[in-house]
Number of protein chains: 2
Amino acid sequence: MFIKKKTIVDVARLSGFSISTVSRVLNGNYPVKHSTKVIIQEAIDLLNFSPNILARGLIGAKTFTIGIIVPSLENLFFSELIRGIDDVLLDNNYTAFICSTNEDDLLEKKHITNLVDRKVDGIISISPNTMSTGSYYENISRSMPVIIINGEHECEDCHFVSSDQEAGAAQVLEYLIAEGHQKIAFLRGHDIYAYNIKEKIYRRILQEKGIEVDESLIARISAGNSLSTVDESKEKMLKLLKERKNITALFACNDLMAVGALNAAVQLNMKVPEDFRIIGFDNTIICSLTQPTLSSVDQSMKLLGVTSAKKIMSLINETTYLGESILETALIIRKT
Amino acid sequence: MFIKKKTIVDVARLSGFSISTVSRVLNGNYPVKHSTKVIIQEAIDLLNFSPNILARGLIGAKTFTIGIIVPSLENLFFSELIRGIDDVLLDNNYTAFICSTNEDDLLEKKHITNLVDRKVDGIISISPNTMSTGSYYENISRSMPVIIINGEHECEDCHFVSSDQEAGAAQVLEYLIAEGHQKIAFLRGHDIYAYNIKEKIYRRILQEKGIEVDESLIARISAGNSLSTVDESKEKMLKLLKERKNITALFACNDLMAVGALNAAVQLNMKVPEDFRIIGFDNTIICSLTQPTLSSVDQSMKLLGVTSAKKIMSLINETTYLGESILETALIIRKT
DNA sequence: ATAATTATAGAAAACCTTTTCTATAAAAGG
DNA sequence: CCTTTTATAGAAAAGGTTTTCTATAATTAT
């Protein structure tokens, strides 16, 4: 029913040269006489031929494919990150399988095995559920390059790229405490590194500053990166703010949660930031869309993406990459 | 350096049966004696074998891969759409190459040829630049199923899934005019179908209602789906609102543009919606995050995604799909 | 009991490349 | 002018599957 794509055999036949020679022209890795190169190139153009990447991958060479595993595409954090990765991949003729786990362990595992079956040349996983999928990454990191962004350093052969979440979180807490806040709530998602590390810093800084950690000020929602995160955060914060009227500030683990909290505050007719200061994390574009605009910690997602992509390219091509693997964060104070 | 993945040969050797029989167990499309099936399955499990999808694809069968071409991932419209597609793909053991064109013709063409070389089983393209890439789609639609979402019906062998953008746009204009607005601005992006059709309706409805179309009220920004869209729209609207102080309403082609316009109005201390009514398009989650919340036209992106994915699955598997290809839209009036 | 059928499983071709090995022709060296 | 080297290009193997064709064993029919 459908038209067949031209193969290297067609080019060979038309040009009058052998398959091998055509292949050499295609890859340019062996010497070919200029005149034959021209003839073959003409045939290639005429037939509009381009090599079958599956066959190329099959012979054991590279598939020019990597896998990107993200928790969700519904948080612009990941969109910007992917944009950074994509830019580098394009330059290297790579294409990505973008796999969204919807923050589901089982799905993440399924994606990993799928990517292996598809012989990707490497995997970049962003904020993975390492608690549960750790052994999977451990395993595949022995057979291909694996880069973990903003994840836990538990996998021996994995490579890591992270923004300095500890520093970012510390800045938030220090800023709030310096402003005189004592009752600072903390809003986080489920059990992954990105939230755990922030909670750890939250506890540490409070303690350092002599503020007792009040467990009832720590709120947790089920997932952190879906469209429903905003609403779930709002509900959670509505409840919390009604119960504990002396809360004056919130550190939210990402911007979606922060927006939810802001919506809750508005509904309760609280003045933001006078009655209630809110600081989010990631500094996604959403921060400048809300009214008042949202304070947040900038992670430079695009750079995070570019860095990890460059790193995985050099791992695949076995060249050395000399670049930072821990990127700076910066507290951006806006109107909340 | 890296560990080699087990192949069907390993399974055959371990189980004592031939490669063919293992393949038959794997695919379940030919009869195999129960007892041997059990033995082979044991070997498969023991070796943790799963078939190499490249090899599978190479023999001409399916690659279980489709390509998704989107203008951007930085508009949540596309995120939600992909989510819908993904859900269906997962059920069918398909994986997608998600290709973002950044609204660039050349890149879109590059993606298309790349997808063909990778032997995808089909392509879903969302809001493509058909003006310029049309012939590409025309071409590949003869060799594989192609679905165009919210695009122009210019490709003979392509299949189309769209939300009823005409009806949605008409509703907006009729609503605004019924409210008494006469000076209605229109904000659009570059030359693609999604914006062209809305402009067409804008002109038609105004005319029908006896309002003369004022060309200077039609504003155009360079691209419509990137992070910079908000700011570019804001600048454009600032200029327009300053020049033409009698504008009382705006129909923006998507939510990002509408947010930009809202920001402009706020900066000019205009009361929204009293002085200036804004209606966007797509009804992305952003609409409920702004203050005041944004009115918009709902497109049900997820359904759009699910529908096109189901359609392409039935095209690939040559089964018939009986479903709507034009989905309803609905005007959602919020606070702008 | 023998012939004809059916159930089951193996052998080999095909899919499209890359790459190693081999062969030829041209150039260089003596 | 003959031998050795070099430049160039072809032949063939390999990569891991699916599938068609073939072969054997088991069953059924006569």
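No hydrogens, no waters, no symmetry mates; every other heavy atom, side chains included, goes into these values.
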Rounding to a whole Å, what distance do you find between [X]:[atom1] and [N]:[atom2]?
X: B:Arg24; N: D:dT22; atom1: CZ; atom2: P; answer: 15 Å
X: B:Asn52; N: C:dC15; atom1: CG; atom2: P; answer: 18 Å
X: A:Ile40; N: D:dT8; atom1: CD1; atom2: C1'; answer: 11 Å
X: B:Ile53; N: D:dG15; atom1: CD1; atom2: C1'; answer: 16 Å
X: A:Leu54; N: C:dT17; atom1: CG; atom2: C1'; answer: 10 Å
X: A:Lys5; N: C:dT17; atom1: NZ; atom2: P; answer: 7 Å
X: A:Ile44; N: C:dT17; atom1: CD1; atom2: C1'; answer: 13 Å
X: A:Leu58; N: D:dT17; atom1: CG; atom2: P; answer: 9 Å

Short side-chain N/O contact from B:Asn27 to OP1 or OP2 of D:dT18, under 4.0 Å = yes

request  = Verify the contact: side-chain N or O of B:Asn29 to OP1 or OP2 of D:dT18, cut-off strictly under 4.0 Å; return yes or no.
outcome  = no

request  = Please work out if B:Ile19 contacts a base, only the sugar-phosphate, or nothing of the nucleic acid, heavy-atom cut-off 4.0 Å.
outcome  = base

ask   = Just checking B:Ser23: base, sugar-phosphate only, or nothing, at a heavy-atom cut-off of under 4.0 Å?
value =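 Counting heavy atoms under 4.0 Å across all strands, the contact made by B:Ser23 includes a base.
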
task = Would you kindly compare B:Ser50 and B:Tyr30 by the position of their nearest DNA chain D nucleotide and give the one closer to the 5′ end?
result = B:Ser50

Candidates [options] - which lies nearest the side chain of [X]:
X: B:Phe17; options: C:dA9, D:dA9, C:dT18; result: C:dA9
X: A:Ile8; options: D:dG16, C:dT20, C:dT17; result: C:dT17
X: A:Thr7; options: C:dT17, D:dT18, D:dA9; result: C:dT17
X: A:Val32; options: D:dA9, D:dG15, C:dT18; result: D:dA9
X: A:Thr21; options: D:dT20, D:dA9, C:dT17; result: D:dA9
X: B:Thr36; options: C:dA9, D:dT8, C:dC16; result: C:dA9
X: B:Ser20; options: D:dT18, C:dT17, C:dG10; result: C:dG10

Tell me yes or no: between the side chains of [X] and [Y], is some donor less than 3.5 Å from an acceptor?
X: B:Thr65; Y: B:Lys119; value: no
X: B:Lys5; Y: B:Ser50; value: yes
X: B:Ser72; Y: A:Arg83; value: no

key: 5' priority, DNA chain C, between B:Val22 and B:Ile59 [closest heavy atom]   = B:Val22

ask   = Is the closest basic N to carboxylate O distance between B:Asp10 and B:Arg13 below 4.0 Å?
value = yes

message = Nearest 0.5 angstrom please: B:Ile98 CD1 to B:Ile68 CD1, how far?
response = 5.0 Å

query = When you look at A:Ile316 and A:Met144, which way does the side chain to side chain contact (heavy atoms under 4.5 Å, CB included) test go after all the steps?
reply = CA-CA 8 Å; A:Ile316 289 171; A:Met144 68 174 80; over 6 Å; no

